[in-house]
Amino acid sequence: MKRTRPWSMGMGIALALGLSGCAPLLLGGGAAVTGAAAERRGAMSVVDDAWIDAKLNTLFVRSESVKWGNVSFRVYRGKVLLMGTAETEAEVSEAVRLAQSVTGVKHVYNELKVQYVSAKDIAHDAWISAQVKARIFGDEHVRGLDIHVDTVNQVVYLTGLADSQAERQRAERLASITPGVKEVVSYIEVVPSDYPVSPTMPEQNPEPDTVSSDVL
């Protein structure tokens, strides 16, 4: 199952390196600083996102209402995507409030759920993220540097920029056919840029025999 959202999201110093916020759920990518600067969003946007990430991480650590480690987040172009788990709806509301309070945040997307996730689940999610990222980086029709991957309870969240609708759908499809993925939630924004990928995007889906026809 795949859900596509008209994107708006973000993250911090860790994000500047391609990582997601809040240490216990560091499931983002692993690009170097030079790689981050080469992303479609631009070096200044990377720096601004890093500041938001660091500020929000500090707020979560200091909060008595939000349990640090339950909530992870990704910051992209001033937009914050909250992911992970919470013990109560009050914790979810406080996490959203704190994210909205940070200067420079344009929008907050809340994907937090009140549920329990074990250490085994977290390890499995990390494995899924690694597999999805490997597929995306290994595909010539997707500029993997611009697509960030996070997984919570086998739900894969994609954030970043794509040069075309076809490129976004390709990344979503690659994630959806990865073993263990229950759902793909896409916040990838389509913004044409000077970083084109392969001009001959294939019309067929990758590995169509491994995916049900209702995935896309």
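Any value given below was found using the heavy atoms of this structure, including those in side chains, with hydrogens, waters and symmetry copies removed.
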Worksheet item: Does V142 offer a backbone N or O that forms a donor-acceptor pair with the side chain of R170 under 3.5 Å?
Response: no

Worksheet item: Any salt bridge between K113 and E111, counting N to O under 4.0 Å?
Response: yes

Fill in: Step-by-step side-chain contact (heavy atoms from CB on, under 4.5 Å) determination, W51 to V102
CA-CA 10 Å; W51 185 91; V102 177; 3.8 Å; yes

Worksheet item: For G84 and S72, which heavy atoms make the closest approach, and how far apart are they?
Response: N-OG, 4.3 Å

Worksheet item: Ignoring hydrogens and geometry, is there a side-chain-to-backbone donor-acceptor pair from S176 to R173 under 3.5 Å?
Response: yes

Discussion item. Does any part of the side chain of V46, heavy atoms only, come nearer than 4.5 Å to the side chain of R41, both counted from C-beta?
Written reply: yes

Worksheet item: side chain to side chain contact (heavy atoms under 4.5 Å, CB included) with V156: which of V185, V181, D125?
Response: V181

Donor-acceptor pairs are to be reported for all side-chain atoms of residues 90-98 against protein atoms at under 3.5 Å, with residues two or more places apart or in another chain.
from : atom 1 : to  : atom 2 : distance (Å)
E91  : OE1    : E87 : N      : 2.9
E91  : OE2    : K67 : N      : 2.9
E91  : OE2    : N70 : ND2    : 3.3
S93  : OG     : E89 : O      : 3.2
E94  : OE1    : R97 : NE     : 3.0
E94  : OE2    : R97 : NH2    : 2.8

Worksheet item: Can V190 be reached from Y157 by stepping across I, L, V, M, F, W or Y side chains whose heavy atoms are under 4.5 Å apart?
Response: no

Worksheet item: Between N57 and F73, is a side-chain contact (heavy atoms from CB on, under 4.5 Å) present by the stated rule, with each step listed?
Response: CA-CA 9 Å; N57 203 33; F73 60 92; 4.2 Å; yes

Worksheet item: Of all heavy-atom pairs between R168 and A162, which one has the smallest distance, and what is that distance?
Response: N-CB, 3.8 Å

Worksheet item: Judged by modelled atom types alone, do Q131 and T178 share a side-chain donor-acceptor pair under 3.5 Å?
Response: no

Discussion item. R77 vs L161, test: side-chain contact (heavy atoms from CB on, under 4.5 Å). Steps then yes/no.
Written reply: CA-CA 10 Å; R77 301 178 78 197; L161 294 175; 3.4 Å; yes

Discussion item. Can you tell me how far apart CD (E167) and NE2 (H141) are? Round to the nearest 0.5 Å.
Written reply: 10.5 Å

Practice prompt. Taking the side chain as every heavy atom from C-beta outward, state whether S101 and L59 have any pair of such atoms under 4.5 Å apart.
Written response: yes

Worksheet entry | Heavy-atom closest pair, residues D121 and V117 | CB-CG1, 3.3 Å

Worksheet item: Hey, what do you get for CG (D49) to CE (M44), rounding to the nearest 0.5 Å?
Response: 11.0 Å

Item to complete: Of all the heavy-atom pairs spanning I52 and G78, show the shortest one and how long it is.
Response: CD1-CA, 4.0 Å

Worksheet item: Using 30° and 60° as the class limits, which term best fits the ring planes of H107 and Y109: parallel, tilted or perpendicular?
Response: tilted

Fill in: Short side-chain donor-acceptor distance under 3.5 Å, D48 and S45
no

Discussion item. Distance check, rounded to the nearest 0.5 Å: I147 atom CD1 versus R135 atom CZ?
Written reply: 16.0 Å

Discussion item. Check R143 with D163, please: is the shortest side-chain N to carboxylate O separation under 4.0 Å?
Written reply: no

Practice prompt. Enter the distance from I122:CD1 to T151:OG1 here, rounded to the nearest 0.5 Å.
Written response: 12.0 Å

Worksheet, complete the sentence: Scanning both residues in full, the closest heavy-atom pair of A99 with V80 reads CB-CG1, 4.3 Å

Item to complete: Decide side-chain contact (heavy atoms from CB on, under 4.5 Å) for T85 and N153; before the verdict, give the C-alpha distance in whole Å, the side-chain angles of both, and the deciding distance to 0.1 Å.
Response: CA-CA 9 Å; T85 63; N153 202 21; over 6 Å; no

Worksheet item: What pair of heavy atoms forms the shortest contact from E172 to L158, and how long is it?
Response: CA-CD1, 3.8 Å

Discussion item. Among residues at least two apart in sequence or on other chains, which ones pass side chain to side chain donor-acceptor pair (under 3.5 Å) with T103?
Written reply: none

